[in-house]
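Only one structure is covered here, and it is reproduced in the block below.
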Amino acid sequence: LFTIEDNIGAGLVLYYPKGAMLRSIIEDFIKKEHIKRGYEFVRGPHIMKSDIWVQSGHYGYYKENMYIFKIECQEFAIKPMNCPAHIMVYKSRVRSYRELPIRYFELGDVYRHEKSGVLHGLLRVRGFTQDDAHIFCMREQAEEEIIKVIDFVKDVMDIFGFKDFAIEVSTKPHKYIGKDEDWEEAQAALMNSLKKKGLAFGICEGEGAFYGPKIDIKIKDALKRQWQCATIQCDFALPERFDLKYTGADGKESRPIMLHRVILGSLERFIGTLIEHYAGEFPLWLAPTQMVLIPITNKQNDYAESLRHKFAAEELRAEIDRRDEKMQKKIRDAELEKIPYMLIVGEKEAASGSVSVRAKKSGDLGAVKVDEFVKKVKEEIEKKQ
């Protein structure tokens with residue numbers, strides 16, 4: 001699926017075709033889920049002048065984790081976060097209370113200077129992508145928006161097969177920006193939202209972001225190991241620093257608040273967690289290769305190729321095993337690769353327009369007409385089980 005090579009750089013992921021396909025499937029899924037919930041897509045640049053990071057506070061509080069360099073005597077930084085770009089989109093014009101909440105979403109690539117000793121496969125890297133969003137809302141809308149994010153997390157984790165998770169609220173750290181009373185209100189909004197949902201949570205004293213407290217949701221895999229994924233941060237400080245405003249119902253200017261949130265978190269970490277959770281045996285809808293066509297002899301190669309084209313037109317992911325190997329070895333190799341379906345095609349199948357189906361989970365299913373098989377597989381994909 002992927003590799004991390006010394007000659008590329010520690011903590012930097014190179015995706016092979018099947019890994020890139022798995023990632024693309026997850027990206028397409030999470031984009032659609034955001035559209036359903038009223039998010040708008042935005043996109044910021046990978047590098048920005050250091051001035052904006054000074055204004056946000058990252059330069060003062062997070063500089064040791066940033067990659068900083070100069071272009072023509074002007075200092076820039078590779079972005080470790082997506083929030084300043086989203087803030088600038090909000091600031092691009094005058095806003096009204098009627099527009100709020102505004103929800104901006106980006107699959108944002110970020111880079112953080114993690115120490116080499118903490119790097120660990122996909123689970124801790126230096127370059128990664130977040131399904132990142134920032135919600136700009138009125139204070140009185142905060143709890144409702146937080147609850148919607150919690151529901152979003154639960155819906156998505158159910159689909160991926162994570163039924164159990166632990167929740168922690170991280171409070172004001174030793175070094176922080178903003179007013180103490182705003183921190184108290186932000187922490188109350190997070191805790192009240194969890195209480196309204198009837199969710200138990202622990203407290204991590206002093207572990208919040210420098211600009212606001214947060215909820216961390218840790219999913220549990222098939223072996224009950226915990227992995228940090230979703231985060232919801234409540235922020236009064238950055239709207240103040242960037243002088244964000246909206247016109248209220250009374251015609252006066254008011255200050256919005258920001259919710260920073262991710263659902264999957266780092267895509268790299270989430271993919272690593274999925275690999276562990278499923279032990280590499282992905283459900284059909286996630287499998288990079290959903291089926292492998294195995295011709296009994298070279299004479300069936302053309303028929304197999306015609307089927308591959310047909311499956312591609314139906315948005316099904318199929319490969320053909322054309323190796324000069326015995327059929328039983330091809331079947332064994334496909335099982336080791338944990339491909340959900342093996343489709344054996346010989347003279348009889350080519351003559352009758354069928355495939356002989358062998359399922360990873362349920363074994364030999366016998367000969368099935370191609371159209372019938374396509375219908376069955378698409379129904380299984382739709383269920384995402």
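The basis for the numbers below is simple: all heavy atoms, side chains too, and nothing from hydrogens, waters or symmetry mates.
Within a 6.0 Å sphere centred on NZ of Lys148, heavy atoms belonging to other residues, nucleotides or ligands number more than 12. Atom CG of Asp302 has 12 or fewer heavy atoms from other residues, nucleotides or ligands within 6.0 Å. More than 12 non-hydrogen atoms from other residues, nucleotides or ligands lie less than 6.0 angstrom from NZ of Lys384. Annotation: Arg323, atom CZ; neighbour count of heavy atoms from other residues, nucleotides and ligands within 6.0 Å is above 12. In this structure, Lys91 places its NZ atom where more than 12 heavy-atom neighbours from other residues, nucleotides or ligands lie under 6.0 Å away.
Ring-centre distance between Tyr176 and Phe210: not below the 6.0 Å cut-off. Taking the six-membered ring where the residue is Trp, the centroids of Trp285 and Phe29 are separated by under 6.0 Å. Aromatic ring centroids of Phe41 and Tyr104 lie 6.0 Å or more apart. Outside the 6.0 Å centre-distance limit, the rings of Tyr211 and Phe236 are not counted as a close aromatic pair.
Between Gln228 and Asp216, some side-chain heavy-atom pair lies under the 4.5 Å cut-off. With contacts defined as side-chain heavy-atom distances shorter than 4.5 Å, the pair Ile331/Ile344 qualifies. Using a 4.5 Å heavy-atom cutoff, the side chains of Met81 and His58 are in contact. Residues Tyr246 and Tyr90 meet the side-chain proximity criterion, which asks for heavy atoms closer than 4.5 Å.
Relative to the six-membered ring of Tyr341, Arg358 misses at least one condition, a distance below 6.0 Å or an angle of at most 45° to the axis.
With salt bridges taken as basic N to acidic carboxylate O contacts below 4.0 Å, one links Lys18 and Glu337. Between Arg139 and Asp182, at least one side-chain N (NZ, or NE/NH1/NH2) sits under 4.0 Å from a carboxylate O, which counts as a salt bridge.
Here the options are Glu315, Arg317, Glu380, the test is side-chain contact (heavy atoms from CB on, under 4.5 Å), and the partner is Gln290; only Arg317 passes. Checked options Val149, Ile167, Leu199; the residue passing with Ile215 is Ile167 (criterion: side-chain contact (heavy atoms from CB on, under 4.5 Å)). Screening Asp109, Thr231, Val110, Leu107 for a side-chain contact (heavy atoms from CB on, under 4.5 Å) with Gln130, the sole residue that qualifies is Val110. None of Phe282, Trp227, Phe160, Phe162 except one satisfies the ring pair (Phe, Tyr, Trp, His ring centres under 6.0 Å) rule with His277; the exception is Phe162.
Distance check: Thr247 OG1 to Glu99 CD gives 9.0 Å after rounding to the nearest 0.5 Å. Atoms CG and CD, from Asn301 and Glu305 in turn, are 8.5 Å apart once rounded to the nearest 0.5 Å.
Partners of Lys115 under the side chain to side chain donor-acceptor pair (under 3.5 Å) rule, at least two apart in sequence or in another chain, do not exist in this structure. Residues passing the ring pair (Phe, Tyr, Trp, His ring centres under 6.0 Å) test with His34 are Tyr39, Phe105, Phe152, sequence neighbours excluded.
Nearest heavy atoms, Ile68 versus Lys63: CD1-CG, 3.6 Å.
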Handout entry: Lys329/Glu325 under salt bridge (charged side-chain N to carboxylate O under 4.0 Å, His left out): CA gap, chis, key distance, verdict
Key = CA-CA 7 Å; Lys329 177 170 173 51; Glu325 299 282 359; 5.2 Å; no
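Listed by first and then second residue, the side chain to side chain donor-acceptor pair (under 3.5 Å) pairs involving residues 363-374 are Lys310-Asp371 (not counting sequence neighbours).
With hydrogens and angles left out, the side-chain atoms of Thr129 and Arg23 include a donor and acceptor closer than 3.5 Å. With hydrogens and angles left out, the side-chain atoms of Glu106 and His86 include a donor and acceptor closer than 3.5 Å.
Ile217 and Val262 are members of different hydrophobic clusters when ILVMFWY side chains are connected at heavy-atom separations under 4.5 Å.
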